[in-house]
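Below is one structure, written out as structure tokens; the observations come after it.
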Amino acid sequence: MPRPGRVTRSLPAQEPAGWSRFYAVVRRIPRGQVATYGQVAALAGRPGNARQAGYALHALGEHTTVPWHRVVNAQGRLSLARRGPEAGFEQRFRLEREGVVFDARGRVPLKRFRWKGSRARKR
DNA sequence: ATGCTGACTATGT
DNA sequence: TACATAGCCAGCA
């Protein structure tokens with residue numbers, strides 16, 4: 001039991017509270033399927049916070065178990081590509097390895113691979 | 001507290 | 001289809 005009055009908030013704190021909600025949702029995305037940032041935010045109980053979803057994923061780092069590559073933007077494109085062609089390339093590689101197919105313009109056909117997730121968690 | 005930034009989205013041209 | 005704008009909101013300096 002932490003002493004009252006003393007805020008032991010000085011932990012690594014590399015993951016701001018609340019972001020774990022996004023991670024929890026991303027972890028539920030089935031292999032071979034994708035979800036949009038807006039979708040993740042909504043399922044995390046934070047509708048309209050698509051940007052935060054992306055921000056949270058950006059903070060993950062390279063050594064993570066969260067399937068960040070299964071999250072794409074509303075257009076089916078890899079927003080990660082903005083950060084650099086390499087990052088986008090890796091995401092595409094991972095998705096293709098899971099069976100996700102890209103169209104001629106390098107986008108994921110959401111009609112086909114979009115995960116139909118639902119909250120179904122705690123009421 | 002204030003202002004800037006961004007792995008976003010919806011809408012208009 | 002592609003680019004520009006506006007709305008959005010949490011994190012950070």
Side-chain angles (χ1 to χ4, degrees):
Chain A
M1 195 54 184
R3 300 185 201 64
R6 183 181 218 104
V7 185
T8 33
R9 197 195 301 290
S10 51
L11 293 174
Q14 48 187 3
E15 294 177 13
W19 288 11
S20 54
R21 281 184 79 84
F22 293 118
Y23 301 151
V25 173
V26 175
R27 264 190 259 265
R28 298 218 306 275
I29 304 175
R31 194 168 171 288
Q33 291 183 52
V34 300
T36 66
Y37 294 97
Q39 186 178 4
V40 170
L43 291 175
R46 302 261 186 307
N49 288 35
R51 297 186 96 145
Q52 287 321 116
Y55 205 70
L57 262 48
H58 175 238
L60 278 176
E62 308 167 18
H63 315 295
T64 178
T65 58
V66 179
W68 54 269
H69 58 284
R70 294 179 190 148
V71 184
V72 301
N73 67 28
Q75 300 173 8
R77 296 172 69 184
L78 313 183
S79 297
L80 193 62
R82 298 186 39 171
R83 276 250 154 208
E86 308 158 5
F89 189 78
E90 182 181 340
Q91 180 171 16
R92 175 169 179 161
F93 181 75
R94 291 198 184 197
L95 287 175
E96 293 185 319
R97 191 160 57 171
E98 294 184 354
V100 175
V101 179
F102 287 68
D103 65 17
R105 295 193 212 73
R107 299 184 311 179
V108 177
L110 294 176
K111 281 198 166 185
R112 208 177 135 192
F113 297 103
R114 182 173 174 132
W115 172 49
K116 283 77 175 179
S118 62
R119 279 176 235 214
R121 170 165 284 235
K122 64 162 130 179
R123 222 172 349 241

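Considering CG of Leu95(A) and CD of Gln33(A), their distance stands at 11.5 Å, rounded to 0.5 Å.
Nearest heavy-atom pair across Val66(A) and Arg27(A) is CG2-NH1, 3.4 Å. For Thr36(A) against Asn73(A), the heavy-atom pair with the smallest separation is CG2-O, 3.8 Å. Listed here is the closest heavy atom pair of Trp68(A) and Leu60(A): CB-CD1, 4.0 Å. For the pair Phe22(A) and Ala41(A), the tightest heavy-atom approach, listed with the atom from each and the gap, is CE2-CA, 3.7 Å. For the pair Leu78(A) and Gln91(A), the tightest heavy-atom approach, listed with the atom from each and the gap, is CB-OE1, 3.6 Å.
For Trp19(A), a side-chain nitrogen or oxygen approaches OP1 or OP2 of dG11(C) to under 4.0 Å.
Taking atom CG of Leu57(A) as the reference point, atom C1' of dA7(B) lies 7 Å away to the nearest angstrom. When rounded to the nearest whole Å, the span between CD of Glu86(A) and P of dA7(B) equals 16 Å. Atom OH in Tyr55(A) sits roughly 8 Å away from atom C1' in dA10(C) (whole-Å rounding). Regarding Glu90(A), its CD atom lies at a distance of 17 Å from the P atom of dA7(B), rounded to whole Å. His58(A) places its NE2 atom 15 Å from the C1' atom of dA10(C), with the value rounded to the nearest Å.
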Determine all donor-acceptor pairs shorter than 3.5 Å in which one atom belongs to a side chain in residues 105-117 of chain A; sequence neighbours excluded.
unit_1    : atom_1 : unit_2    : atom_2 : d
Arg114(A) : NE     : Gln39(A)  : OE1    : 3.4
Lys116(A) : NZ     : Arg114(A) : O      : 3.3

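The hydrophobic cluster analysis finds Phe89(A) isolated: no Ile, Leu, Val, Met, Phe, Trp or Tyr side chain comes under 4.5 Å of it, directly or through other members.
Val40(A) and Val72(A) are not part of a single hydrophobic cluster, where members link through side-chain heavy atoms under 4.5 Å apart.
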Please produce a list of atom pairs where a protein N or O lies less than 3.5 Å from an N or O of nucleotides 2-7 of chain C.
unit_1 : atom_1 : unit_2   : atom_2 : d
dG7(C) : O6     : Arg51(A) : NH1    : 3.2

Shorter than 3.5 Å, N or O on both sides, protein versus nucleotides 9-11 of chain B: list them out with atom names.
unit_1 : atom_1 : unit_2   : atom_2 : d
dT9(B) : OP1    : Tyr37(A) : N      : 3.4
dT9(B) : OP1    : Gly38(A) : N      : 3.3
dT9(B) : OP1    : Ala74(A) : N      : 3.2
dT9(B) : OP2    : Ala74(A) : N      : 2.8

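In this structure, Arg97(A) places its CZ atom where only 12 or fewer heavy-atom neighbours from other residues, nucleotides or ligands lie under 6.0 Å away.
Note on residues 35-66 of chain A: pairs passing ring pair (Phe, Tyr, Trp, His ring centres under 6.0 Å), not counting sequence neighbours, are Trp19(A)-Tyr55(A).
Of all the residues in residues 91-99 of chain A, not one reaches under 4.0 Å from DNA chain C with any non-hydrogen atom.
In the interface, the side chain of Gln52(A) is not paired with the base of dG11(C) through any donor and acceptor atom under 3.5 Å apart.
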